Amino acid sequence: MRKKILAANWKMNLTHTEAESYLQSFLTEIGEVNDVEVVVLPPFTAIPASVSASEKMPALRIGAQNMHWAKSGAFTGEVSATMLRALYVKYVILGHSERRTLFGETDEIVNRKVRAALDAGLRPIFCVGETLHERDSNQVEQVLGRQIRQGLDGVSQKDFTEIVVAYEPCWAIGTGRTATPAQAEQAHAFIRSVLAGITDGPTAEKVRIQYGGSVKPDNAEELMRQKNIDGALIGGASLDPRSFAQIIRCAEAALI
Ligand code: PEP
C-alpha cells in the first residue's frame, strides 16, 4: 500500500515570517495526521523557519522547489542539494513545468538534477506533464514517455522508490481547469507502465504518483480515490492553510 503524499508548492510566495504564521495556523487547523504524508515546499528563504515549525508535526516534511546539480562552485544565484540537506530538507521539486517553460530546463538538465538530488539523499518530486497542444494532438503518451525515460535515465534500481512522480498537465496548472479523475487515472496508469518498463513491475508498484493541476478541496477526494493516484501537488489552493488542511482531510477520507 502506497502512502499518499500531499505537497504544498508555495512557489514564489510568503516571506519567512509569513511562513511561520502560515504553519502556525496550519498546525492548529490540521491537528493530528497519521495515514498520509504532508510536505510543504517554501521558497529557499523560508526553509529554515519552516523546518523549525515542522518539528511540531511528525507527518510534516519540508522540501525545496529547485536546486542546482553541482555540489558547489561558480554558479551565482544557485543552491546545491548539499546545502538543502544541511537544512534538513527532505524533498525537492524537479522538472516543474514553470522551470521547464520559463527557465529553459530540458529533460537533460532535469535528469542531472534528479541524479544529484538522489546522490545527496534528497527525494525528488519529479514533475511531468503535457501541454494542451500536445493533448489535443494525441501526444500525451509520447511526451510523458520521453520526459520519464530521459528524466530518470541512469537512476539506480534502489533509488527508484525514493522518487515521487508528479503528473501535472500544463493546461491544468493555475488555470482552475482540472483533469477529470478518469483522465488523470489514465495518465497515472500509463506513467506506472513506463516506470515498470525501465525498472520492473514490483518496483513501479511502489512508486508514488501525485496529481497536480488546480487541486482544491472540492475536487480532491474523487481524484484521491483513483487507483494510481497517490497524492497531490498543490499550488494555488495550498497558500491558504485552511484549504490545504481540507485537501489533506479529503485524501484521508479517500482511504476509507
Ligand atoms: C503546481 O504549481 O504544481 C500546481 C499544481 O499549481 P496549481 O495547484 O495552482 O494548479
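Only this structure's heavy atoms are used, side chains among them; waters, hydrogens and symmetry mates stay out. Remember, it's 1-based here, ligands and their atoms both numbered in the order they're listed. This structure is a prediction, so every number in the text was calculated from the model and none was measured.
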How far is atom 1 (C) of ligand 1 from its nearest protein heavy atom, and which residue and atom name does that atom have?
-> His96 NE2, 3.2 Å

Polar contact flag for Ile173 and ligand 1 (N/O pairs, less than 3.5 Å) = no

For a salt bridge (Lys or Arg N to Asp or Glu O under 4.0 Å) with Glu37, tell me which candidate from Lys3, Lys90, Lys4, Arg61 qualifies.
-> Arg61

Run the salt bridge (charged side-chain N to carboxylate O under 4.0 Å, His left out) check on Glu222 and Arg225 step by step: do they pass?
-> CA-CA 5 Å; Glu222 210 189 334; Arg225 284 195 182 281; over 6 Å; no

Based purely on interatomic distance, does Ser214 place a nitrogen or oxygen under 3.5 Å from a nitrogen or oxygen of ligand 1?
-> yes

Specify the protein heavy atom at minimum distance from atom 5 (C) of ligand 1: its residue, its atom name, and the distance to 0.1 Å.
-> Glu168 OE2, 3.1 Å

Proximal ligand 1 atoms for Gly213, defined as those under 4.0 Å from one of its heavy atoms | 5 (C), 10 (O)

Which heavy atom of the protein is the closest neighbour of atom 9 (O) of ligand 1, given with residue, atom name and distance?
-> Gly236 N, 2.8 Å

Considering only heavy atoms of Asn9, which atoms of ligand 1 have at least one such atom less than 4.0 Å away?
-> 1 (C), 2 (O), 3 (O)

Taking everything shown except Glu32 itself, do over 12 heavy atoms lie less than 6.0 Å from its CD?
-> no

Select one of side chain, backbone, both or neither to describe which atoms of Ala172 lie under 4.0 Å from any atom of ligand 1, heavy atoms only.
-> backbone

In the protein, what heavy atom is nearest to atom 8 (O) of ligand 1, and what distance, to one decimal place, separates them?
-> Gly235 N, 2.8 Å

Is Gly174 in polar range of ligand 1, meaning some N or O pair under 3.5 Å apart?
-> yes

Glu130 with Arg135: basic N within carboxylate O range, under 4.0 Å | yes

With a 4.5 Å heavy-atom cut-off, do Leu41 and Leu233 have their side chains touching?
-> yes

Would you say Arg242 has more than 12 foreign heavy atoms packed within less than 6.0 Å of its CZ?
-> no

Check ligand 1 against Leu233 and write out every atom of the ligand that is under 4.0 Å from a heavy-atom position of the residue.
-> 3 (O), 5 (C)

Might you work through the salt bridge (charged side-chain N to carboxylate O under 4.0 Å, His left out) test for Glu205 and Arg2, ending with a clear yes or no?
-> CA-CA 8 Å; Glu205 277 302 312; Arg2 299 179 292 266; 3.2 Å; yes

Please work out which of the three classes, parallel, tilted or perpendicular, describes the rings of Phe244 and Phe26, given edges at 30° and 60°.
-> parallel

Identify the closest protein heavy atom to atom 2 (O) of ligand 1: which residue and atom is it, and at what distance?
-> Lys11 NZ, 2.6 Å

